[in-house]
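See structure below.
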Number of protein chains: 4
Amino acid sequence: MERFELIVQTLFESNNLTEKQRQILKAAVQLFSEKGYAATSTSEIAKLAQVAEGTIFRHYRTKKELLLAIVGPFMEKIADSYIVNDLTNLLKKDYQRPEDLLSAIIENRRDIIVQFLPLLKIILQELPFHPELREHFLQLISDNMYHRVVEVINDYQQKGMLKKLPPTAIAKFAITNILGHLFTRYVLFPHLEWDDVRDTEQLIQLIMNGIGNSDSKVES
Amino acid sequence: MERFELIVQTLFESNNLTEKQRQILKAAVQLFSEKGYAATSTSEIAKLAQVAEGTIFRHYRTKKELLLAIVGPFMEKIADSYIVNDLTNLLKKDYQRPEDLLSAIIENRRDIIVQFLPLLKIILQELPFHPELREHFLQLISDNMYHRVVEVINDYQQKGMLKKLPPTAIAKFAITNILGHLFTRYVLFPHLEWDDVRDTEQLIQLIMNGIGNSDSKVES
Amino acid sequence: MERFELIVQTLFESNNLTEKQRQILKAAVQLFSEKGYAATSTSEIAKLAQVAEGTIFRHYRTKKELLLAIVGPFMEKIADSYIVNDLTNLLKKDYQRPEDLLSAIIENRRDIIVQFLPLLKIILQELPFHPELREHFLQLISDNMYHRVVEVINDYQQKGMLKKLPPTAIAKFAITNILGHLFTRYVLFPHLEWDDVRDTEQLIQLIMNGIGNSDSKVES
Amino acid sequence: MERFELIVQTLFESNNLTEKQRQILKAAVQLFSEKGYAATSTSEIAKLAQVAEGTIFRHYRTKKELLLAIVGPFMEKIADSYIVNDLTNLLKKDYQRPEDLLSAIIENRRDIIVQFLPLLKIILQELPFHPELREHFLQLISDNMYHRVVEVINDYQQKGMLKKLPPTAIAKFAITNILGHLFTRYVLFPHLEWDDVRDTEQLIQLIMNGIGNSDSKVES
DNA sequence: CATGAATGAGTATTCATTCAT
DNA sequence: CATGAATGAATACTCATTCAT
């Protein structure tokens, strides 16, 4: 409960939503992530949000518009501001080694990443079925994140701390591993027992082996 | 069309299905993968399969049973026999270096992996929503694949060709990267332009950097 | 038409039903009594009630709930208030002889009994198939009617006008004969020609012979 | 199980039925009486009878024809032969007093009456909805039973043992009470505790009070 | 703004019945 | 004779959406 409250609050802090609107968004995020978009009915959302069915459609003309009202801002705000700001901030801290940056991204902010997992889950579920979403997502990534990430990677490459591979490949590799791990950890098999500290350490090590220069390679 | 025909034929070659059954399965695989399980109606399946709606329910008592009739055999047959046999066969061929094995797994059999992508997509979509599926999946992996994979990894480790990391971590890392790449390539953004040969090479190189011993590391 | 209108109006006078609700109940009473509960489809009810099928389910979550919404209130209101009040009123009128009471119950109120015959028919049809209904029915009878009826019977017994048989047996005997007659008359063979005045007279005479004291016995 | 076997065997002893046919009829009687005709599906019957669905329709062209195949013979054979023969037999035994005859009808043959209760239940359930059935039923009663019953009643009336009421009224009164009692006892509330010996005694006494002459009246 | 009754197309599933084997 | 796969209309019920209040 608390959890979805927080998501909506964080995501829509700037918009001034009515109480009803917040309740609707909260309920929608919860149900979409728990049962999937198609398997969630607007009446369920209304019931959980404690509003009349009509109220939903006063604010969002269709069910799909409600989905986009959740996923859109998330992609924009999060992808754009959160992570990018993060990266900028992290950059300022002048992490000497890329593994420190990775570690900071994963470890220091694990709770924030985890916080938004329901939204990530929704996006991953729906991306394949909504071409506009996919377009939007791609554009956001290429417009905002790509340059920043490439910048950071270039920086490290010039310091000789990353292999001279194409930055795109490095980025994709790092992201795949981080998201893949989080997905396995929190979406696929959240009920398994995990040793998060050790797993993250190992993950970073493996990623760095992959993209780091020999100097920074860590043998076990 | 051709494509889903092939999937069903390959997957259910042993079962002797009636023509109608094959049509139903074919249509279901296509629609489930294209629109998602929940967003596909049984009447759509019937129409595409060119059978009466009642016919579906003669063979599969519920829509969910139809899903399981597709996903179950896939997980069993493929996970169990296909990939395992593959690994065994590949092992016999005595791939000198693990990157050759990886390359063989990815490249030589890309078409087969690609062939079953619709099913993979269905599984990835539905796994989070069907606990029994998740259980089943987990058990199949741990029962069949785990030991084989660990065996192979041990072998290479003893030959000094893989780092002395826990085989589980190595396996998870490799699988994450392979599936992550395929997912990005074929599910998320199939419409982007990809240079498959170069991408695969790069992927293997990155994975190997991660898990391989210095000797086998390839600088770019 | 008129007839079912009246039933619903009388039965649900206290509840303030919407127009649609009244139409639905009216149609349901008509069809359930004419074709039986199981043989009546919700779409037929909707059509006859001139509402959308969904409207039925907005008010009554299931078809069975609709049945209970009809049968429940009838059993409660009628069994509880109608007949009991009747008896009380009748009692106040100080019918000297029990046959006068019987006659009043049957004859004076034949139209009311006849008015609710469709509902009686529904109850008799469905009672065997719905244990909860049976329970409910039994409880209503034992809770409300039993004591009143026993009271009346006791009264007459003390006046020496009824045999000193167990009041339960007397009650069951009288009710069986009254309902049995009405059932034969109006449900089984309504199309036969009946001489209601004579038949009722005869019925009362027979009942009274059965339970009355010799003094009040009437020879033909 | 045993029970429905017996019904079918007794009812169709003359017809030479195949094993399958007997199983179908047995299953149909059971299900029709337990759930009602409309609420019973042919596939249920087929399953319980352990025959293919098609087999039912080979013998009975429609579901309704199956109903008539059960109810028709019952009405004919039972109404015609059983009860009539009974009455004849009973008549021959020269029951001195009508209450002895009544007692014989009810008590001595209670098991047989009870044996066919499922069929009685079916008939009572379906009679209101199938006009042909009702016609058939009426005709059987008036053709076969009426004269016999009137004969017996006349006999007792001439012996001064029954009131000089119209035989029809006497017959209806007796039958109503017997059937009404059995219906209450075995169909409506079979789960209540009943003292059959005492109840029957009381019932006969009440009936006799109603129709018997003062001489044979029994005070309690 | 919010409501919730109303809608009718759509849902998964069951039905009685047919017919080729 | 018996089967059971096949049918498509029908079933009870749900859906997203509208609109008068």
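Computed from a predicted model, the values in this text were never measured in an experiment.
In terms of heavy-atom proximity, C:A38 sits nearest to D:A38 at CB-CB, 3.8 Å.
Protein atom CD1 of B:I45 is 11 Å distant from nucleotide atom P of E:dT11, rounded to whole Å. What separates NZ of B:K20 from P of E:dT21 is a distance of 13 Å, to the nearest Å. Per the geometry, CD belonging to C:E19 stands 16 Å off P belonging to E:dA5, to the nearest Å. With rounding to whole Å, B:K35 atom NZ is found 13 Å from E:dT11 atom C1'. Per the geometry, NZ belonging to D:K47 stands 19 Å off C1' belonging to F:dA2, to the nearest Å. The CD atom of A:Q50 sits 11 Å away from the P atom of E:dT3 (whole-angstrom rounding). Remark: P of F:dC13 and CD1 of C:I24 are 14 Å apart, rounded to the nearest angstrom. For A:L17 and E:dA2, the CG to P distance is 12 Å, given to the nearest whole Å.
Electrostatic pairing of B:R58 and D:E53 counts as a salt bridge here, judged by a charged N lying under 4.0 Å from a carboxylate O.
In this structure, A:E19 has no side chain to side chain donor-acceptor pair (under 3.5 Å) partners at least two apart in sequence or on a different chain.
By the neighbour-count criterion of 12 heavy atoms within 6.0 Å, atom CD of B:Q9 is densely surrounded, having more than that number from other residues, nucleotides or ligands.
Between the side chain of B:Y37 and the backbone N or O of B:K64 there is at least one donor-acceptor pair closer than 3.5 Å.
Across all strands shown, the partner of F:dG4 is E:dC19, judged by Watson-Crick or G-U wobble contacts whose two distances both fall under 3.5 Å. Pairing of F:dA12, defined by two Watson-Crick or G-U wobble distances under 3.5 Å, is identified with E:dT11.
With hydrogens and angles left out, the side-chain atoms of B:E65 and B:H59 include no donor and acceptor closer than 3.5 Å.
Across all strands, C:T42 comes closer than 4.0 Å to base atoms (heavy-atom distances). Among the atoms of the strands shown, base atoms are found under 4.0 Å from some heavy atom of C:T55.
Both C:Q21 and A:I56 lie close to DNA chain E; mapped to their nearest nucleotides by heavy-atom distance, the more 5′-ward contact belongs to A:I56. A residue-by-residue look at B:T40 and C:A52 shows that C:A52 has its nearest nucleotide of DNA chain E further toward the 5' end.
Regarding contacts with the backbone of F:dT11, a side-chain N or O of C:S43 is found under 4.0 angstrom from either OP1 or OP2. Using a 4.0 Å cut-off, no side-chain N or O of C:S41 falls inside it from OP1 or OP2 of F:dA10.
Proximity of residues 57-70 of chain C to DNA chain E (heavy atom under 4.0 angstrom from any strand atom) is restricted to C:R58, C:H59.
The one candidate from C:I70, C:I24, C:L25 that meets the side chain to side chain contact (heavy atoms under 4.5 Å, CB included) condition with C:V8 is C:L25.
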